[in-house]
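Heavy atoms only: backbone and side chains are in, while hydrogens, waters and symmetry mates are out. Throughout, a chain's letter reflects where its sequence line sits, starting with A, and its residues are numbered from 1.
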Amino acid sequence: MQKFNKILIANRGEIAIRIMRTCREMGISTVAVFSDADRTSMHVRYADEAYHIGPSTSSESYLNADKIIDVAKKTKADAIHPGYGFLSENAGFAQKCADNGIKFIGPSPEVINQMGNKIQARLTMIAAGVPVVPGTTESLKTEKDAVDTIKKIGLPVMVKAAAGGGGKGMRLITNEKDIVSLVRSARSEAKSSFGNDSVYIEKYISSPHHIEFQILGDQHGNFIHLFERECSVQRRHQKMIEETPSPLMTPELRKKMGEYAVEAARTVNYEGAGTIEFLVDNDLNFYFLEMNTRLQVEHPITERITGIDLVKQQILIAEGHPLTITQEKLRQTGHAIECRIYAEDSDNNFMPNPGKIYNITQPLGLGVRSDGYVYEGYEIPIYYDSMISKLIVWAENRNEAIDRMKRALYEYKITGVKTSIKFLERIMDTDDFRSGNYDTNFIEKNKAILLADTKCTPECEDMVIIAAYIEYLDRLNIAQTSKEMYTAQNRWKKYTYQKNFERL
Amino acid sequence: MQKFNKILIANRGEIAIRIMRTCREMGISTVAVFSDADRTSMHVRYADEAYHIGPSTSSESYLNADKIIDVAKKTKADAIHPGYGFLSENAGFAQKCADNGIKFIGPSPEVINQMGNKIQARLTMIAAGVPVVPGTTESLKTEKDAVDTIKKIGLPVMVKAAAGGGGKGMRLITNEKDIVSLVRSARSEAKSSFGNDSVYIEKYISSPHHIEFQILGDQHGNFIHLFERECSVQRRHQKMIEETPSPLMTPELRKKMGEYAVEAARTVNYEGAGTIEFLVDNDLNFYFLEMNTRLQVEHPITERITGIDLVKQQILIAEGHPLTITQEKLRQTGHAIECRIYAEDSDNNFMPNPGKIYNITQPLGLGVRSDGYVYEGYEIPIYYDSMISKLIVWAENRNEAIDRMKRALYEYKITGVKTSIKFLERIMDTDDFRSGNYDTNFIEKNKAILLADTKCTPECEDMVIIAAYIEYLDRLNIAQTSKEMYTAQNRWKKYTYQKNFERL
Amino acid sequence: MSVEIKIDKRIASVEILKQFENLLEIKVDDKIYQVDLMHNDEGIFSILANGRSYNIELVPQPKVKLFTAYTLYHSYDIEVIDAESRYLRNRTGAIQLTSENTISSPMPGKVIKIPVKVGDEVKKGDTVITISAMKMESEYKSPIDGKVIKIFVSEGSTIDAHQKLVEIE
Amino acid sequence: MSVEIKIDKRIASVEILKQFENLLEIKVDDKIYQVDLMHNDEGIFSILANGRSYNIELVPQPKVKLFTAYTLYHSYDIEVIDAESRYLRNRTGAIQLTSENTISSPMPGKVIKIPVKVGDEVKKGDTVITISAMKMESEYKSPIDGKVIKIFVSEGSTIDAHQKLVEIE
């Protein structure tokens, strides 16, 4: 059994900081790596050591495996935590770590490969007896083959890239006449995105629920699941809100799906934290969709209802410790919800909105956790993901959790860039979300409510006018006010805008 | 059963905001009141409505019962939440609320009176069969009476003011020859502090544990306790750190003390949230010390291990709801610790340190809650308590909770005023705290470690010198830099301090 | 000083009637308010009016009389119209901060592709530039049938928000 | 520019040798550091040196060349000694920011009691003023046997930190 003294975190943003927090609690030193754009990012300041690894574009920095391994060797890091995204599901990187005697915190390169190829993953699950979405189990060979297969399965279907992910190389086919052209375009996009034009067919399940199970496996053949996460609130195939327990779930279904999730992990002899994603239809039929061989963005809701620090478990497992948690002792306590805060214009087709953060007020208090990385004065780079923070609440039950999330979103103020905060708050108010009666079609279905252009009261609007006027008068005297060098000592101003008036 | 639509919070600081958070989650409007010094305090900005009630000195504002009742009437508030301190244990104020048809969120004026007078409280507990600290059950009449009684009980003893609290009117007597003079001075201080010179005698228990039980009682005769809080880490008789469960506690002792706590509440037909404080010696003998008829500063650790929002329970009880929580269903899950962040110079006899807050970095992430009220640029007034925030962590077990608290204290940065943060972090490192082997003598006993004047490494010191130098160069060009009007857009600077050097 | 404030599409006149320190009597159009107003260098305002507690944040925009105002739930584009801006308006005959036919991006990003060159004829709806920001690509289209008369940026360059990109005539 | 920095009791000389944007070669006493230094208007510094990541915050003090510096675990009093301050020092013959016999309070507060008056003889250790801050009273005592020559404040007034209160001679 190894004891890690130093871990390199091959990531940035909130997840890098989240991992460093646990390292710090475990007494492990941390090494940050950063690109040009990230010199002033929080993860650089939080780490014990920090090294520059290249230009802003990910492919030249956070995806530069050799450079990262160089830093790990130079700093004598015992292990590398890849976070999510970037190199986290890159078997080649995991292999390079192994070749250089650095522990990759995650599963073996073989398992990453096996699960990374969607066709192979389907085959593995079928062999393990886990239900998969009906469809093909091999790559489509010819266009005729495609037409025949699709007719057999019956429209609508999805064509998907075997090496795929993130919605790339994926097409929905609803009409027979489009089969050839859509297969062709999926293949071409797959080729350009992943360097592999292999595609396969899945039956299309309309408006399903996205429900995933968190699993943990150690190096000694022990496997457990940490219950489900409901991830059906999505926009542009990206999750916006996750919760656990799922409002759809029954104890019987949870038991059954959980057993399959553990079986899936056992089949590949999985090491570390992973997620088994399922599609669930309204009749509670469920199908294996894919496995994520890494930590998920939404892992904190599982931590909150089980009380388990998943990053700590990842590290302990990587050090060779056997799991001390048993399936029988695990409990789901209360209800947890996560909202992802994106820097985006939610009212304008969720267009990303990078830029400079002006002021932030963090939501605090009972049952609120926030995991972010931006700070006042920080400029969000244009090169990376638009998620700037995650807000996680817990309460005794679902209704209270929704009320608390509403309160936390109300308190959460970020100015300077547009964010999804108010859009998320409106979601908390919809009947469909309140009742738990929603699927992946939720945002589309509730568009009218979610995009309603409400204004504040006329009096409130007048207050904005007054504030703008006072600010304007202030700026007329800017030369005078900026003489006050120590702004922090006098942030609240008392100026006289008009002289010689008696008390009102 | 009443439904509150609007609550006035007759308090300031973190507790006012903490109460408003729950009101917001329950859909109840909030009314803030503020003194001159508090116009820009966070509670004024957080509330839906806010009214000025007088000068900065508490006695003319937050203790001005009539003025507060006026605001409640004017705003048509259904109820008043008094928080802790100020009017929270003032029977006269509770009575005035009742007289004006406003619900006081707390027990009846009679119960406040009964528990406020320490002699009467002792008598009540004795009648209920709850063990009390050995001593007198009536006010000392003459000095001869005092000498006789004290000799009977045996030295050392404490003389305490019947109307007392906060360490005022309290004297420790260890030597027979000092009896008369110390009783006299206790009496005189009691007279000047509380307008009542009645004092009584308690056996002095050296280095006891302060352990308190949280109780809840409704208007329908239901009473429960929510386990203990260990509050022995104190300085100047004020708590610094609280935790639950207490490291001293055994399941048997918890059961026994819990039953007495519930019995104490039942005896006075207590309504709302209250706390029964006990002294416990090293042989696990325990004695009733006093009852606090209000919410405690340290209530969040109880919330964290039970999952119950105590302010919500206070409001529901005040509305007339019967308790839905039963003793049998309550569980202590994991371990919670609270650290109180004081604006003080811990290394200099805990001297208070009001002033302007420059920068704040909040600790965030897994298992961390912070309840504060100061913000960047805020000037902490000189008139009120020096506690500026509370940091609460939770973890699966005590060791992990201590590691997490260390991490959170490490992350928590407040500049501009001195705070207790680093002192608290040193406490987390002491063997006595780590092992849970501590009592009220802890800080005194560990003084040498806690006040150790450690310095950062020579390299780190050189970095400070470099930073100061660069800042100085910057300020030489201040006229130029302050032209940059929109500081938030360019908070990270790139200036050239010396021209024409090639790349290093 | 007579000043007007443009808030989204509304234009309101505003005037201070009386002041005693942070207590102000202010007229907005024809309504008179007594407000207790505090604010700081970061543009954070705390206003108490009729007992209500209002929190407003003003974020300055690159142009000196423009702000974005944030209330609890809304954000507003604000423009201060004073004597100087009125003069400029009168001189140019219209408020014309940017030409309608100049394409700009509301956000910073990187230019991925410019499929047109100066002199090209374009139809309304043709893509003239593709900008990538935060792993998402946006295509900007010509608002009119016309001719590309100026391209301000080149492929691969990074751009600021509201920067001019392509002008069509 | 030759400048010295006083950090608590140590006085160090510091000099920039080379600079390329945020990369600096700096000499502190006789040690040479290559640092990657970023900082902002709030006095927050991020310095990378020998791979270590240092976070330092400087808070300006009322006097222009004084700062309080915060590292992770420590705070330091900093004074910049440049040509001007050296000149002033030489002129006054000593660094004497405040007289040793002038009593001041390290924190803001309210004057509760002044039990002496100008002209009174006091002994070392006699209480000359009581200040209350945050519900706690502190008594300030005379550092010497001497005579009260000046009282700068009166009972009931509020005071700032480091304000002169009573002078003894």
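Few gaps surround NZ on A:Lys3; more than 12 heavy atoms of other groups in view lie less than 6.0 Å from it.
Chain A is approached within less than 4.5 Å, heavy atom to heavy atom, by B:Trp394, B:Glu396, B:Glu400 from residues 387-401 of chain B, ordered by number. The stretch residues 306-316 of chain A places A:Gly307, A:Ile308, A:Asp309, A:Lys312 near chain B, each with some heavy atom under 4.5 Å from a heavy atom of that chain.
Rounded to the nearest 0.5 Å, atoms OG1 (A:Thr361) and CE (B:Met42) are 6.0 Å apart. Separation of atoms OG1 (B:Thr333) and CZ (A:Arg331) is listed at 11.0 Å; rounding is to 0.5 Å. Rounding to the nearest 0.5 angstrom, the gap separating the CZ atom in B:Arg24 from the CD atom in A:Glu411 is 8.5 Å. Once rounded to the nearest 0.5 Å, the distance linking CG of B:Leu364 with CD of A:Gln362 reads 5.0 Å. The distance from the CG atom of B:Leu366 to the CZ atom of A:Arg304 is 9.0 Å, given to the nearest 0.5 Å. Rounding to the nearest 0.5 Å gives a distance of 11.0 Å between CD of A:Glu25 and NZ of B:Lys406.
The choice from B:Gly365, B:Ala408, B:Gly367 that makes the most heavy-atom pairs within less than 4.5 Å of chain A is B:Gly365. Looking only at heavy-atom pairs under 4.5 Å with chain A, the residue among B:Arg21, B:Glu303, B:Met26 that has the most is B:Arg21.
Residue A:Tyr46 touches chain B through both its backbone and its side chain, counting heavy-atom pairs closer than 4.5 Å. Contacts between A:Arg404 and chain B at a heavy-atom distance below 4.5 Å involve backbone atoms as well as side-chain atoms.
With sequence neighbours left out, A:Thr324 forms a side chain to side chain contact (heavy atoms under 4.5 Å, CB included) with no residue at all. In this structure A:Arg434 satisfies the salt bridge (charged side-chain N to carboxylate O under 4.0 Å, His left out) test together with A:Asp403, sequence neighbours excluded.
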Kindly indicate, with the supporting measurements, whether the criterion side chain to side chain contact (heavy atoms under 4.5 Å, CB included) is fulfilled by B:Glu376 and A:Glu376.
CA-CA 11 Å; B:Glu376 295 183 358; A:Glu376 294 183 358; 3.4 Å; yes

